Amino acid sequence: MGIGGAGLGLYGGRRLGAADFDLLAMPDERRVAGRGITREMLCYGEAGPPPLIRLRQGEDFELELDNRLPEATTVHWHGLRVDNAEDGVPFLTQAPVEPGERWRYRLCSNDAGTFWYHPHCNTLEQIARGLCGLLVVDEDTPPDFDADVPLLLRDFRLDEQGQFISLFEARRAARGGTLGTVTTVNWRAAPTIEVPSGGLVRLRLANVDVTRTYALSLDDAACTIVALDGHPLPADVVLPSPGRESLLLGAGQRADIALAVPATPGRTVTLMRAAPTGPTPIARFRAVGRSRARRLRDRPTLVANPVSSPRPERAETLSFDFSWAPGREASNADICGTLGYTFWAINKTAGVSDTSDTARPLAELESGKHYVLRLRNRTPQAHPIHLHGMTFRLLRSTRRAVPPLYTDTALLQEGETLDIALVADNPGDWAFHCHIIEHQKTGLTGFLRVRS
Ligand code: C2O
Ligand code: CU
């Protein structure tokens, strides 16, 4: 006995032995982007940018969350196909982890790639104040890159003194969402990151912003996209490289880019995002050391993840209409609940997420069956639509040619109808929502139930 003691919650008995990783969630203050010390930040870990969590493909990994925040929290593993009980959605898959409590997550991922983690409780506030980090699942046989560079992209909403301003404005939440004011990469403004001269580097970009879609480009660079949203690009799919065109990453999305670093030490490559004033540098990569003399065409190929391929011809079609539907104020009673407004609806219902209202799934799916989800955007905004627990394939759109990519988050364009397909191979209740957190928290949310 004696395991646990004070602060163990109802489900806390899951602690046994040491975890592979301890994840501390705590209040923080620090300097972000060269302004004053920002108060009322939240962080994972004791200091520095959020810890990178690294798993090995197919191996068990235990992680213990230690909640030292003054409020409840949970952790969701964005893009990982884990067991439903480990998915981190309060009420739907677990009890909220109260202040002072700990919670043990058991993770195992058969997919290698770039994922991320974040709370699913009071989500706008907790992510916006700094809780989130990158999660990498390393391949069985690691591909031969000379460096691996995690890049968390995020706009903090700060004033000139570096203090948080209101995290959202209702009139913006009712449209495209409230944008941050200071663009950061790994919590710094326009950092310079050293990379080996002439090396082949794997950049892992993750859009961990609560609102913004980044349009990214790399100046003057030999580079190519090797994976999107954790999944290697199929061999026959070649996308325009960010050296020539910009790459759109919606909130929650990731891109792995192979970059051939210039051979001359001291040369830099600049990562830029589109802004109304033109492309704006957000990070620089500076070549250091003797040249490794590698070329882009020597880059390693990534092995596809074991995702079951959906067969649209034998699938049932389920329709989801995303619409603007301002309504009366939703109940704000639940601790992990809403922002107090509803502006959006799925199939005419303004959803509530992260509350104890978990009775009505948007749809029920049968385990092992194939489905086409028809996502119909009846709004003039784009929405990064995210499904937990399962990976889907982009099928077709009424507005553009879509490459057959596997993903967990699709950037649904204005007025577009996008068909996606999946095999319902993971039983449980899976959250399904817009990753513009203000939209999620004002109605654009629900869940799918996969019956075993
Ligand atoms: Cu990235 Cu429901 O979450
Ligand atoms: Cu949205």
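These numbers come from a predicted model, not from an experiment. For ligands, and for the atoms within them, numbers begin at 1 and follow the listed sequence.
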* Begin from the C-alpha positions of Y371 and E366 and carry the test side-chain contact (heavy atoms from CB on, under 4.5 Å) through to its verdict. => CA-CA 9 Å; Y371 292 89; E366 268 173 63; 3.8 Å; yes

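- Aromatic ring orientation, Y341 versus F343: parallel (interplanar angle below 30°, classes split at 30° and 60°).
- Sorting the N, O or S atoms of H383 by how far they are from the Cu ion (ligand 2) puts ND1 first.
- In summary, an N, O or S atom of C434 is located under 2.8 Å from the Cu ion (ligand 2).
- Residue pairs meeting the salt bridge (charged side-chain N to carboxylate O under 4.0 Å, His left out) criterion with at least one member in residues 384-393, sequence neighbours excluded, do not occur.
- Residues H439 and H433 keep their aromatic ring centres 6.0 Å or farther apart.
- Judged purely by distance below 3.5 Å, without hydrogens or angles, the side chains of T114 and R204 pair a donor atom with an acceptor atom.
- Sorting the N, O or S atoms of H439 by how far they are from the Cu ion (ligand 2) puts ND1 first.
- A cation-pi arrangement is present between R154 and F156, with the terminal nitrogen or guanidinium carbon under 6.0 Å from the aromatic centre and inside a 45° cone about the axis.
- Ring planes of H76 and H118: perpendicular class, angle over 60° (limits at 30 and 60°).
- For a distance threshold of 2.8 Å, the protein N, O or S atoms nearer than that to atom 2 (Cu) of ligand 1, listed by chain and number, are H120 NE2, H388 NE2, H433 NE2.
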